[in-house]
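Quick notes on the structure that follows.
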Amino acid sequence: MPTDCIRYQNSGYFSTLTKDYLDQKMNLKPFYNRFPIIENFEAQILEKGINYNHDNRKIVVAELQKQYQKIVVSKATQNNINALTQSNTFTITTGHQLNLFSGPLYFLYKIISTINLASELKAKYPKSNFVPIYWMATEDHDFEEINYFNFKGKKFRWNKESSGPVGRLSTDGLDAVFEVFAKELGSSTNAQKIKELFQNSYLKHTTLAEATRFLANTLFSDYGLVIIDADAADLKRVLIPYIKDELENQTSFKEVSATIEKLNEYTIQVNPRKINLFYIENNLRERIILENERYKVNHTDLSFSKEELFQLVETHPEKFSPNVMLRPLYQEVLLPNLCYIGGAGEIAYWLELQSYFNATKISFPMLLVRNSVVLANEKQIKKANTLGLSWADLFSKQNDLVNQKTKTLSEIDLDLSHIKEQLKKQFSDLQSIALQTDQSFIGALKAQEIKQIKGIEHLEKRLLKAQKRKLADVLNRIIQLQNELFPNQSLQERQTNFSEFYEKNGELLIQTLIEKLQPLEQRFEIIQL
């Protein structure tokens, strides 16, 4: 196996903001609380223990017990739910959409990062307990983002109309998806397990939230994962003061807008609304807007005075749904959370939020970029070694990789830079002579220099093209390997569903990931399966 290490910052797949955060650049330090290294958790534990409203523990546990009534709860998960009642128990949280059959591979990596960090913290701080949490994004309404998954280059899509929160969506119609998907699976023992997992998750549960909870619980309950659906009236009651503040004072808009001005050297991930709340019902999730001292629900006839809306907040807080700006606050108010684990894009918008958290006097969690992984089989790794490819090579853009390997493998020197330099020197000498005789030749000399340099560059391109034809066999093998490991010239984890690897490796897939992934390391993990 190629042995070079690929840091996130050198992979070519992360924004400048994320790279600067990972490098702990001084200009970003005002936008987060503590950087996620193991030693920093001691102060975070102390701060959260003081600032957290421990009365919320009973509310969380009571709701979890209701949500787990219909599925088998492992001993590890039940112990973690029970532990949440104790003041020395803290959570490590990741959140994710309810992608059909988990969506791309990074669903697994988020949750495993969370599980493994909780384990590391228990080893370092044994007097405290640490519970890994998967916060289901049940209130999202962008169905087109989650209604498909990819398996062996084919897309399996759930064709259905959806306008409200996806967690409440009926699973009707998924039998048709299963019928098509099952035909693509083989007849092996692992293939049969995948079929059963899909059936048991989606065909035996009535809502997408229930199906996703069952799926995640089946995959991770042995590791104590606790899954929470925050679209619940009892949980929303803890958010009532913050909902009212948002409606009346728009604190999040003011604070986040001021922060964005300070982050102006970066591309901003999310811009706040004046009011960062939705109104939700089973088939409705629309923005709340303030017009002429009336609160209106966008694209509906619903309209409220301030008094009417505040009364609704008190009696039915479940009708109010935080958007991407407010959901983090909801999570941190509700849970005794120390760290949020997310993708680079998520961390980018969390960095906009610390001043808002400060204004609401809620502890800001540590922010950890989730593990990223490339999975490779033995044949692919042998092929990389035979072709003399490093992982840095394989992470390169394909055109750059092909050009670089063509030059490396070629028996002739394809770099004509030395000839161009000689040419420039000759024209410099001619210019010196012209300056001593007739300066009217200077323009003509410059034009001739440009023309000849372009001629050399044209020859260089033709040489490269000719060598690509000569080396076509080995270059095609390089391209094929990179396409296998980076489908659609993108990260495997953003394209491929876990079932593609589960079909070949079964339960060993998750066992190996749990064993290999190190959440506090800032590098791509290359794992052989």
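Side chain of Tyr52 to main chain of Leu334: a donor-acceptor pair is present (N/O by atom type, distance under 3.5 Å, no hydrogens or angles). Here the side chain of Asn276 pairs a donor or acceptor atom with the backbone of Arg273 at under 3.5 angstrom. Counting only distance, with no hydrogens or angles, the side chain of Thr360 and the backbone of Phe357 share a donor-acceptor pair below 3.5 Å. No donor-acceptor pair under 3.5 Å is formed between the side chain of Lys152 and the backbone N or O of Leu185. Using a distance-only test at 3.5 Å, with no hydrogens or angles considered, a donor-acceptor pair links the side chain of Thr315 to the main chain of Gln311. With hydrogens and angles ignored, the 3.5 Å screen pairs no side-chain donor or acceptor of Gln495 with any backbone N or O of Asn150. A donor-acceptor pair is defined here as one N or O able to donate and one able to accept, closer than 3.5 Å; such a pair exists between the side chain of Asn40 and the backbone of Phe35. Here the side chain of Asn264 pairs a donor or acceptor atom with the backbone of Glu261 at under 3.5 angstrom. Here the side chain of Tyr340 pairs a donor or acceptor atom with the backbone of Gly95 at under 3.5 angstrom. Gln522 places no side-chain N or O within 3.5 Å of a backbone atom of Tyr8 that could act as its donor or acceptor partner.
Between Lys244 and Glu314 a salt bridge is recorded (basic side-chain N to carboxylate O distance below 4.0 Å). Ion pair Glu525/Lys516 not flagged as a salt bridge, since none of the NZ, NE, NH1 or NH2 atoms sits closer than 4.0 Å to an Asp/Glu carboxylate oxygen. The residues Arg7 and Asp23 are annotated as salt-bridged, a charged nitrogen and a carboxylate oxygen being separated by less than 4.0 angstrom. Taking the charged nitrogens against the carboxylate oxygens, Lys66 and Glu63 do have a contact shorter than 4.0 Å, which makes a salt bridge. Salt bridge Glu281/Arg168: absent, no basic N to carboxylate O contact under 4.0 Å. Using a cutoff of 4.0 Å between basic side-chain nitrogens and carboxylate oxygens, Lys58 and Asp55 are not scored as salt-bridged.
Using a 4.5 Å heavy-atom threshold, the side chains of Phe498 and Leu219 count as touching. The shortest side-chain heavy-atom distance between Gln492 and Pro487 falls under the 4.5 Å cut-off. Between Glu179 and Asp175 there is no side-chain heavy-atom pair separated by less than 4.5 Å. Side-chain contact between Asn337 and Ile133: absent, with no pair of heavy atoms (C-beta onward) separated by less than 4.5 Å. Taking 4.5 Å as the limit, every side-chain heavy atom of Gln44 sits out of range of all side-chain heavy atoms of Phe90. With contacts defined as side-chain heavy-atom distances shorter than 4.5 Å, the pair Ile341/Pro36 does not qualify. Between Tyr32 and Trp350 there is no side-chain heavy-atom pair separated by less than 4.5 Å. Between Asn116 and Ile514 the shortest side-chain heavy-atom distance falls below 4.5 Å.
Heavy-atom neighbours of Lys262 NZ from other residues, nucleotides or ligands within 6.0 Å: at or below the threshold of 12. Counting non-hydrogen atoms of other residues, nucleotides and ligands closer than 6.0 Å to CD of Gln24 gives a total above 12. Within 6.0 Å of CZ in Phe151 there are more than 12 heavy atoms belonging to other residues, nucleotides or ligands. The environment of Glu507 atom CD is sparse: at most 12 non-hydrogen atoms of other residues, nucleotides or ligands sit within 6.0 angstrom. When the shell of 6.0 Å around CD of Glu39 is examined, it contains more than 12 heavy atoms from other residues, nucleotides or ligands. Dense packing is recorded around NZ of Lys29, with more than 12 heavy atoms of other residues, nucleotides or ligands lying under 6.0 Å away.
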message = Test salt bridge (Lys or Arg N to Asp or Glu O under 4.0 Å) on Glu332 and Lys48; report intermediate values, then the result.
response = CA-CA 10 Å; Glu332 297 301 314; Lys48 190 67 179 185; 3.8 Å; yes
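Scanning all heavy atoms of the two residues, the minimum distance from Arg57 to Thr85 falls at CD-O, 3.7 Å. Residue Glu286 comes nearest to His299 through the heavy atom pair OE1-ND1, 3.3 Å, listed as atom of the first residue, atom of the second, then distance.
Side chain to side chain, Gln354 and Asn358 fail the donor-acceptor criterion of an N or O pair below 3.5 Å. Side-chain contact, Asn27 with Tyr266: a donor N or O sits under 3.5 Å from an acceptor N or O. Of the N and O atoms on the side chains of Asn88 and Ser128, not one donor lies less than 3.5 Å from an acceptor on the other residue. Between the side chains of Asp229 and Gln67, no donor N or O sits under 3.5 Å from an acceptor N or O.
Aromatic ring centres of Phe524 and Phe395: separated by under 6.0 Å. Taking the six-membered ring wherever Trp is involved, the centroid distance between the rings of Phe41 and Tyr125 does not fall below 6.0 Å. Taking the six-membered ring wherever Trp is involved, the centroid distance between the rings of Phe310 and Phe304 does not fall below 6.0 Å. Ring centers of Trp135 and Tyr330: under 6.0 Å apart, within the cut-off. With ring centers used as reference points, Phe156 lies 6.0 Å or more from Phe101.
Taken to the nearest 0.5 Å, the OG atom of Ser372 stands 4.0 Å off from the CZ atom of Arg370. Here the CG atom belonging to Leu277 is positioned 11.5 Å from the CZ atom belonging to Arg287, to the nearest 0.5 angstrom. Taken to the nearest 0.5 Å, the CG atom of Leu84 stands 12.0 Å off from the NE2 atom of His54. Remark: Ile112 CD1 to Leu117 CG distance equals 13.5 Å, nearest 0.5 Å. In this structure, the separation between CD on Glu318 and CG on Leu312 is 8.0 Å, given to the nearest 0.5 Å. Distance check: Asn129 CG to Asn79 CG gives 10.0 Å after rounding to the nearest 0.5 Å.
A search for salt bridge (charged side-chain N to carboxylate O under 4.0 Å, His left out) contacts involving Glu139 returns Lys236, not counting sequence neighbours.
For the side-chain contact (heavy atoms from CB on, under 4.5 Å) test with Ser499, the passing option among Ile194, Leu509, Leu105 is Ile194; the others fail.
Taking the centre and axis of the six-membered ring of Phe253, the NZ or CZ atom of Lys274 falls inside the cone set by 45° and 6.0 Å.
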